[in-house]
Structure formats: structure tokens, C-alpha cells
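Just so it is clear: chains get the letters A, B, ... in the order the sequence lines come, proteins before strands, and each one is counted from 1.
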Amino acid sequence: MSADINRLSDNKEISPVDLFYESFEKLNEYQKAAVLDYRKALLVNAHVGSGKTTVLIHKILYLHFIKKLPLQSMVVLTFTNKAAQEIKDRLKQLGSTIKNDDMKFFGTFHSVCRTLLSSSLTVENLGYTKEFSIADGDEILELYDRIMIDNNLSIKYKNKIKKRMDKVKSGETLYGNMKNDDDINELMKLLKQEKIRCNIMDFDDLIDYSIELLPISQFKPQWIIIDEFQDCDSRQLKMVELLAGNTGNIFAVGDPNQVIYSWRGGGGEVFEDFKVKHNASEISLPINYRSTTTILNAARSFLKNGVNLSGVRESGTPITIKKHHNRFNEAVYLCQRIKSLNSMGTAYKDIAVFYRKQKDSEVFAEVFDKHDIPFEVSSRKTLRDTPALYWALRLLKAAVNNRDKSSIVFLLGTGRYGVGISQKKVKDIAQKFFKADADTCGIELLSKIKGFREWCGNHTTSLEETASQIYDYFDIAMYLAPTSITFEEDRRIVMKLLNDITEYSVANNKDIFEVIGDYANSSSLYGNQILKEVSNNIHQDEDTVKLMTLHASKGLEFDYVFISGVNLGNIPIISKGEEGEKEEQRLFFVGITRARDSLEISYHVKPDDFGVYGVPSPYLRMIPEELIESEDFGSRASSLGQLRREIKDNIDKKSESSKANCPADNVKHKVLVVHDKYGQGEVISEDENNITVEFPVYGDKTFTKMFCPLKYI
DNA sequence: ATGTAGGACCTTTTT
DNA sequence: GGTCCTACAT
């Protein structure tokens, strides 16, 4: 589909209106109906792979080019920067006249809130200024620390403080039967004051304060368009309602079958609630273009009523279910399997391996490395993982928002970079600095920070030189440890950041101080994007196998998908109640439906993790037998009720016999072992992590004990 | 100050 | 099962 769009946009002679119609004609009747619908509140129930984003984009183009509404009168809300970026990119491809500035209110919930709070909403009412900055989770953690020290608070379970604070916020308590209370409620109170004093907001504040201020604002967009609507939590829903007011229209696209993040607040019955509350109509997009009929049929067994999803593709290959000893063995198998797929013409980048937990990636990464399989693990990187860049951004943050005490403390402290003043002294200095007269205590960096706004106003040289002048102004080199081996790279990264900023300032003819403010203040919101732009991101489209958690797979698709460790206790993790179990099912559904052509599922006989049982997940039995090609993996359940009973029985049975056979216990007394592939061998040496075994044919092999590929005899 | 028994929790993650 | 941490003991 995107190939079509590319081709069309190359044709410069066609006007955006014609281009729209040409592209619109290619939609199916359901998609067309959704685009043309003009009712006040519409829910689009977009099934997997049904062209959800395409519909959303055509909706915007239709409103703009056909209904002649300015883009500034629309708010488009997403949950991730990636989704927002994709929408903007595709809009620009189809509508050549569209400029970035027109899409001011297109973005994540948080970034749109930031735009509103720093332009049209009266944050001054709350004690903030429009230059407020945004603190990410880690910065809030710093803040907790500082408040605890400054106020002598006693807080228990400090390294779970984030989780505890989240609980307190929602009125619950972690560690419910803690004998003696601590000062956590006090910390909560002080936190709010301190954030205002420092002129910083956390992610939740952006939404909460927007909700607080929207009712008294003049901002009245005509259309509110929401992507992944099923992930809205109650506050985000509230925000949508306030944005729409009495006059705005709401167009929400989503799929209730893909709610996998309800544990972080959203999900639940948003669709139903919204329908009732706003008397919204519902349209569904039932046609899946992505997967083979076999895969879709399997997926359908996990849908509520499973009927309203149809495919257009051929039946394809059966789903494979494989039994492995443990994850290590599977990894070894996968290497050989992937190599063979690759030699038969499947590109590495069209193959993905999904697992349940982040930690699971370690085994795969290690084994894939050894077997020279090119791969990439999708791990979340933050700005902090590039310390020099992070330090520079904190500097800019402080320079723009002088009230940002956290950043000042960070910059002066004894971290990897920075001035290197001891914690106690920093506290004194910061205290003086934040008194009315802003004493810089003879610290060069502080006076530079304080004088930065003035310096920006006075400096008149060409903008091309501005980047290096800023670098010199703060004497950044000095703080980046010029003698360290990473210095050259650090300097390059920081210069690249400053260059990007000045370039942007030139291109958009905007004041440099303002642009720096935008950049620094939003670095928490677009952390990953900045990281990508600044570091050499070569891996983007590389031909590598992609490894990720099931959660991370949402929204992606691959020709060949492996789902690893579909065991009872892993997928599903045996969770609290019925709701939790349903979510586990949806997670598996999401995983299955990522596959275009082929799907291979595995389970482990001896899983490595606590709480995971060595039996296949009951979900495997919900897949119709005729779709599967596998070794036998047990009886099948004919109803959900029966399935639940079976899960329960399995758990009971397993917990009784769990102590019985744990081969690792006998390690020290025996010398002879058996390996699945190498056969019988003798232990030569071992330490706490590794064990070396001599095999008659294969010679010496060293194993990591964690993977436990050996059986003792 | 230092030692240890017993409790709670353990996953998924964007902004 | 392993880890972290509190609460109470010396």
C-alpha cells in the first residue's frame, strides 16, 4: 500500500485534490464509508491489518482538501511519537502543500498538551511560566531524592519508590501490611510544590493540567482525531471530551481486541462507554490484507465473537508448534532454522522472534551472536544511555529554565560529566543560587546559565557559527572530560545536537533561545527521536532478524514470525483475575496476527523462569487442530470454561510435584552428564557460572549453567 | 552497629 | 526460587 503512495506522490503534476481522489478510489467500501462519515462522534472499529492508519490519513485529507477545513482546526492524537511521525510523513507525501506548521496539534497526547500549555492555556494560574520544562521518570526520581534529603524524610523501599508513588496516587498502597508508616504522603505533597517551584511538569501533569485549564480556554478545534483509541485511559478520554466541547467532532480509530496495555491505566470498556456517553456511531473495518487464511483462522479463535474478521489471502502454510527443552535449546534450533530460511530466500529482516519478557532476549542474543545470525534486539534506550548528550541537554534545559533546580544539581554534581562538586556542597550552592539574588557562588557554569538568555539576545554573528559559539560559551569541552577516550565521540554528538538546533532555527526563522527552549523542554518527550538524529543510526533498515517482546510487536508485521515460550505461566502469566487472563489472550492474539505468511510457536519442557510450567499453554489448544502441524501437545478444550478449569488443574498438579525433579540440585556430586546433541560426557571443571564438559567425539565444551543444557546421571 | 527471620514481590512500558 | 528490605534481636 505504501508503495502506491510513493509512486503517486512522485507525480508532481497532479493537484492534491486529484491525488486524494485517486488514492481514495483504492480504498474498500468500509474504508470509504469511514472517511466520508460526517457524524459528530464516530468510532471506527478497525480489526487487525485492516488499514487503520490509511483510513485515518484519508480522513484528514478529506476534511482538509475536500471539506476545505484548515489543518490547524484539527487535533490528531496518538500514543507514540512513532505513530505521530508516520501520520505526518504520509500526509506530507499525499498533500504536497501541507507544512509542518499546519500540523501543530498533531502528535502524542503529551506533546499536544505541551503545545497547548505553553501557548494557549493559562499555566500562570497554577504558578508555572510558559517556559516550563518536562521531567521524565528518571528526573522525577532525582527530585524524590532531593526532597527526601532536603526535608529529612524517611522513606522505606526506596528503590521501589516509583511504583509506590504510583500506587499512592491511585489511592492504593504497595507493601500493604508494612508495620510502621513512612513519610510517603508527605513526599507526595512536597513533590507537587517543588515541581511548581522548579517550573517543571511530569508526564501526568501535562495531561492533568490540560484537563484543568481547557474548560477556561478559547481553544476550540473542529475535529478531534484519535489513533489507537482503545488505549485511552479515563484522563485522556476526558481531555478528548474537553477538546471537542459542544461543537467539535470526534473521529476515533481503534481495535478493542488489541488492548494489551490496560495495566498502565487505559483500555477496559472505552469503546462501549464512549458509544453510550456520546451517542457515537460505530463502523467496522473487517478486511485483513495481511495474513494467510490459516493464520487468520487461528487468530479468530481468540476473538470475542470472531465473526467479523475476513481475509483476502490464500490459505498458506500450517502453523508449526515445536517442543524444546528450554530457551537455550530453542535458540540453537532457531539459528539453524533461520539460516535455512535465509538460504531459501527469506531476508533476515522479514523474520521476527517474539518472547514474553525483556530478559528472554539475553539467551537469544548470546546464541545468535555465536552463530553469526544478524539480529537486532528492540530494547528501549533513553537519553541517559548517551551520557554526554544527556548532560548537554540538561545544560540547555537549565539555561532556558533557570528555576530548574534538579538540572542545576545534576550539572554541578559528581556524575560522569559535570563540575564534580560533592553532594553536600551542591546543596548549599543550589540554595544560594535559588535565593532572590541568584548568587552564582563563583561557579563559572552557573553564571553562564544565568546569563544565557542575555547572551542570546546580544549575539549577532552569523547563525552558521552559532553552534560552536554556544559550545564555547558554556565551555562544554571542559565538562566533557577532554582526556577521556570517549571525548571525540562525545564532542561530535554534542556538536551535532547544537548544529541541529541552529539549523532548525535558521530554517524556520525562529529565535535561537526559543528553539533551544523547545528542544530542551521537549527532550523528555522526544528522547528517542533526538537520539536517533544525533547518533549514527545505521541499524534502521538493516537486514537483521528482529527480536522483541510481544508487547513491542504491536503495530508491526513480518513474513515469518516465531513466538517463543508459549507455556502455561508465561503466556499466559497466571494473573489476578478473569480480566487479566483476557488481556493475556489478547497479547497472544496480537503476536499471532503480526505474521504475514508463516507462524511458528514453541513451548519449553524445562522452562528457565520461576512461575512458568513445563507444559504447553492452554492457548495452543484453542487453535483449531487442522491448522496445526506439530508434535502432540495434549488434549484440547472445547470451551473457555473447560479451559479455565484445565489451567487450574494444571497449576494444582504442578505445585504438588514441583519439588520432585530439579536436576540442578545434584550438580556437585556427579561427574557424568548427558547433552541433547553431544551425548554423554564428563565434567572437567566448573565454577559458579560455567561448567566445562569433555565429550568423546566433540571434545571440550563450556556451558553457561543458567541455560542448563545438561542432564546429570 | 551487625545479624537474621520472615514478608512481599517477581511481567508487560509509552510519554 | 531469588532478591530486596524491614523489623526486631543482640
Side-chain angles (χ1 to χ4, degrees), chain A residues 77-84 107-115 134-140 154-164 166-167 173-182 201-208 210 227-228 231-233 235-236 239 258-267 354-361 378-383 521-530 548-555 565 567 569-576 580-581 583-584 586-588 590-591 607-613 655 658-659 662 664-665 706 708:
Chain A
L77 298 165
T78 67
F79 283 87
T80 64
N81 286 312
K82 199 177 151 202
T108 62
F109 275 88
H110 292 86
S111 77
V112 169
C113 282
R114 190 191 86 88
T115 307
I134 298 163
D136 64 21
D138 289 331
E139 281 166 64
I140 292 296
S154 117
I155 301 287
K156 293 172 182 173
Y157 297 99
K158 277 213 185 72
N159 64 358
K160 294 222 165 109
I161 185 75
K162 211 170 181 177
K163 225 165 203 178
R164 288 193 65 205
D166 284 348
K167 286 278 183 189
T173 38
L174 198 63
Y175 294 98
N177 29 358
M178 211 161 52
K179 272 263 173 63
N180 307 314
D181 283 348
D182 59 4
M201 295 190 194
D202 63 28
F203 292 132
D204 283 351
D205 293 335
L206 291 171
I207 310 269
D208 290 338
S210 294
D227 189 25
E228 305 275 18
D231 285 336
C232 271
D233 65 21
R235 291 151 56 250
Q236 285 156 331
M239 182 184 152
Q258 292 186 67
V259 173
I260 57 172
Y261 287 117
S262 66
W263 47 270
R264 75 183 183 211
F354 303 155
Y355 37 82
R356 181 57 206 262
K357 298 172 189 139
Q358 292 282 356
K359 230 182 117 214
D360 301 344
S361 67
S378 123
S379 63
R380 44 216 151 116
K381 279 217 160 149
T382 69
L383 284 170
N521 286 349
S522 58
S523 67
S524 325
L525 288 182
Y526 310 105
N528 290 333
Q529 231 122 321
I530 292 179
M548 65 190 81
T549 61
L550 282 165
H551 282 89
S553 77
K554 191 180 168 195
N567 281 59
N570 198 38
I571 306 168
I573 283 178
I574 323 248
S575 45
K576 312 92 220 172
E581 207 260 306
E583 177 134 331
E584 295 286 308
R586 291 191 294 263
L587 182 62
F588 189 51
V590 166
D608 311 282
D609 286 2
F610 174 69
V612 180
Y613 301 105
S655 57
S658 63
K659 285 187 215 145
C662 184
D665 286 346
M706 200 179 107
C708 206

(message) Whether Lys357(A) contacts dC10(B) is assessed here as follows: a side-chain N or O lying under 4.0 Å from the phosphate OP1 or OP2. Is that the case?
(response) no
(message) Nearest to the Lys163(A) side chain among dC10(B), dT14(B), dT12(B), which nucleotide is it?
(response) dC10(B)
(message) Whether Glu581(A) and Arg586(A) form a salt bridge (side-chain N of Lys/Arg under 4.0 Å from carboxylate O of Asp/Glu) is what I want to check.
(response) no
(request) Classify the ring geometry between Phe109(A) and Phe79(A) as parallel (under 30°), tilted (30 to 60°) or perpendicular (over 60°). (result) tilted
(request) Please determine if a side-chain N or O atom of Asn81(A) lies less than 4.0 Å away from the OP1 or OP2 oxygen of dT15(B). (result) yes
(request) Report yes or no: does Glu583(A) contribute a side-chain atom to a donor-acceptor pair with the main-chain N or O of Ser262(A) at less than 3.5 Å? (result) yes
(request) State which residues pass ring pair (Phe, Tyr, Trp, His ring centres under 6.0 Å) with Tyr261(A); sequence neighbours excluded, sorted by chain then number. (result) Trp263(A), His551(A)
(request) Give a yes/no answer on whether the side chain of Lys156(A) brings an N or O atom under 4.0 Å of OP1 or OP2 in dA7(C). (result) yes
(request) Kindly write out the residues that satisfy side chain to side chain donor-acceptor pair (under 3.5 Å) with Asp208(A), not counting sequence neighbours, or none if the list is empty. (result) Arg235(A)
(request) Round to the nearest Å and state the distance from Ile140(A) atom CD1 to dT13(B) atom P. (result) 22 Å
(request) Could you state the atom-to-atom distance from CZ of Phe203(A) to C1' of dT15(B) in whole Å? (result) 4 Å
(request) Starting from C1' on dT15(B), measure out to CG on Asp138(A) and report it in whole angstrom. (result) 13 Å
(request) Using the P atom on both, measure dT3(C) against dT13(B) and round to a whole Å. (result) 22 Å
(request) Under 4.0 Å between any heavy atoms, over every strand shown, what does Asp204(A) touch: base, sugar-phosphate, or nothing? Just pick one. (result) nothing
(message) Output the rounded distance in Å from CG (Asp208(A)) to C1' (dT15(B)).
(response) 13 Å
(request) Check every strand shown and say whether Tyr261(A) touches a base, only sugar-phosphate, or nothing at a heavy-atom separation below 4.0 Å. (result) sugar-phosphate
(message) When you measure from the side-chain N and O atoms of Thr108(A) to the phosphate of dT14(B), is any distance below 4.0 Å, counting only OP1 and OP2?
(response) no
(message) Check this one for me: any side-chain N or O of Asn570(A) less than 4.0 Å away from OP1 or OP2 of dT11(B)?
(response) no
(message) Without decimals, in angstroms, what is the distance between Gln236(A) CD and dT15(B) C1'?
(response) 9 Å
(request) Have a look at Gln358(A) and say if it touches a base, only the backbone sugar-phosphate, or nothing, with a 4.0 Å heavy-atom cut-off. (result) sugar-phosphate
(request) Specify the separation, in whole Å, of atom OH of Tyr157(A) and atom P of dC5(C). (result) 9 Å
(message) Tell me the interatomic distance from Asn159(A), atom CG, to dC10(B), atom P, rounded to whole angstroms.
(response) 12 Å
(request) Send over the distance from Asp360(A) CG to dT13(B) P, rounded to a whole Å. (result) 11 Å
(request) Under 4.0 Å between any heavy atoms, over every strand shown, what does Phe610(A) touch: base, sugar-phosphate, or nothing? Just pick one. (result) base
